[in-house]
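Just so we're clear, the structure is a prediction, and the values are computed from it rather than from any experiment. Order of appearance sets the numbers: ligands from 1, and atoms from 1 within every ligand.
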Amino acid sequence: MINSHHETQQQSAGGIPLVDENGVWICLNPTSIEKVKDITSPRPALSLDRDGVINVDVNYLSKVDDVELHDGAASMISQANKAGIPVVVITNQSGVGRGYFNWDTLTDVQNEIAHQLDKEQAYWDGVLACPYHSDGISPYKHDDHPYRKPNPGMLEKAASIFKIDLSKSWVVGDKADDLKAGINAGLCGGIHVSTRFQEAEKEKEKADDLKSSDFIVKTVNTVREASQYLPLINTD
Ligand SMILES: [Mg+2]
């Protein structure tokens, strides 16, 4: 399904990571990929930003010891797992593009996050990470890469892999650009969590401004509140 240019050395808890033909890091849960073969019609998915939603954003997270899950993140993911909703992690990782760390380091961090989620019976179906940035170094310098959020490339790629109906899907993010990527991919709604140490208020206002008749925006203060609101897993 994916042409691998380069398979990274380590095996991830969530699957074997590879860097695809577009230079994007992809890690697919083998069980989820097996199950997707039986899916006949597109279904809604939960798209999660990583830093600031699943784990605490420490700015260019590159140390396993710095991995700390946000309260409520694992339960949000496990509820989606139980409801049969695919969970795709869509993350800009310009730290790779800027040369701060490499894919193997990212894989180590991903493994630790997956391990901590696993302790709470939560797993992701897939992860896509985009290294491109206007301040990146070759080959990752790109002023407006179609995969870098707020562009919809990673969401569209995830949709084709997991047979996702984007128009019924939701995004949770701590930046307005996370929600904007959702709009650009045709999602139905987004939840903004104000977990950012700085700029939380500014990002919340920017996210709130994205509200429209086509896109629902909910702003909350914590990841737990996001999981309590998320329509995909709160159907009663
Ligand atoms: Mg974030």
Side-chain angles (χ1 to χ4, degrees), residues 14 24-27 45-64 66-74 76-77 80 87-98 100-101 105-106 109-110 112-114 116-117 122 124 126-136 140 145 147-155 157-158 169-185 187 189-210 215 217-227 229-230:
V24 170
W25 189 94
I26 301 184
C27 184
L46 173 59
S47 157
L48 298 178
D49 176 42
R50 195 192 78 177
D51 302 313
V53 174
I54 297 175
N55 53 275
V56 175
D57 187 355
V58 298
N59 246 342
Y60 304 110
L61 173 58
S62 63
K63 292 193 185 78
V64 165
D66 288 343
V67 172
E68 183 189 348
L69 297 188
H70 270 295
D71 178 57
M76 174 163 63
I77 293 170
V87 175
V88 291
V89 179
I90 303 291
T91 175
N92 284 344
Q93 290 294 328
S94 76
V96 174
R98 295 170 197 261
Y100 296 167
F101 51 89
T105 302
L106 180 92
V109 168
Q110 289 295 120
E112 178 60 22
I113 299 170
Q116 292 193 20
L117 288 173
W124 52 58
V127 182
L128 285 82
C130 177
Y132 296 99
H133 193 273
S134 51
D135 295 332
Y140 297 127
H145 195 277
Y147 276 57
R148 182 175 163 82
K149 292 180 284 184
N151 291 327
M154 287 194 282
L155 274 165
K157 178 95 178 180
S169 298
W170 281 76
V171 57
V172 181
D174 68 325
K175 282 191 181 172
D177 271 358
D178 299 320
L179 276 67
K180 218 182 242 180
I183 291 172
N184 290 334
L187 268 53
I191 304 179
H192 177 264
V193 286
S194 292
T195 54
R196 290 186 76 71
F197 182 61
Q198 290 168 325
E199 303 170 335
E201 210 46 45
K202 197 180 92 191
E203 289 295 324
K204 183 182 179 174
E205 279 170 29
K206 275 161 64 184
D208 212 40
D209 284 345
L210 297 172
F215 191 77
V217 174
K218 172 84 175 171
T219 58
V220 297
N221 290 320
T222 66
V223 177
R224 189 164 291 284
E225 281 175 78
S227 82
Y229 170 78
L230 194 66

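Y60 and Y100 have perpendicular rings, their planes meeting at more than 60° on a 0 to 90° scale where under 30° would count as parallel.
At a cut-off of 2.8 Å, D51 coordinates the Mg ion (ligand 1) through an N, O or S atom. Between the Mg ion (ligand 1) and D174 there is an N/O/S contact shorter than 2.8 Å.
For the pair P131 and R148, the minimum side-chain heavy-atom distance is 4.5 Å or more. The shortest side-chain heavy-atom distance between I191 and E225 does not fall under the 4.5 Å cut-off.
For D49, the N, O or S atom with the smallest separation from the Mg ion (ligand 1) is OD2.
Side-chain atoms of N55 and E112 form no donor-acceptor pair, as typed in the model, at a separation below 3.5 Å.
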